[in-house]
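One structure is given below, encoded as structure tokens.
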Amino acid sequence: QGQRTDRIAGFTVDLLQRVFDRIGRPVQILGNLPWARCLKMVAAGEVDFVADAYLDDERARVYAYSMAYNTLTPQVWSRL
């Protein structure tokens, strides 16, 4: 409805909820955290994973990656 809420939604959220429901495990999805903090929390073992991270050589030395589950076509939008 075009109004901001605290509800976290989208493809990845729906996918993770279905996967965890299917394996009978709870999942808590956190949002509104800076990306750098999310990565540090995974490295420190404070959370189990982050989603939607692009693979690069530096991150690959620190984190284990899953197989790709979605592909995106990056786009740039501008006001003329």
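Heavy-atom basis, side chains included; hydrogens, waters and symmetry copies ignored. Just so it is clear, the model here is predicted, and its values are computed rather than measured.
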| said: Applying side chain to side chain donor-acceptor pair (under 3.5 Å) as the test, list every pair that has at least one member in residues 42-52; sequence neighbours left out. | reply: Thr12-Asp52, Asp52-Tyr69
Enumerate donor-acceptor pairs with a distance under 3.5 Å from any side-chain N or O in residues 16-44 to protein atoms, sequence neighbours excluded.
none

| According to the side chain to side chain donor-acceptor pair (under 3.5 Å) rule, which pairs have a member within residues 71-80, sequence neighbours left out? | none
| request: Sequence neighbours left out, what pairs pass side chain to side chain donor-acceptor pair (under 3.5 Å) with at least one residue falling in residues 57-68? | output: none
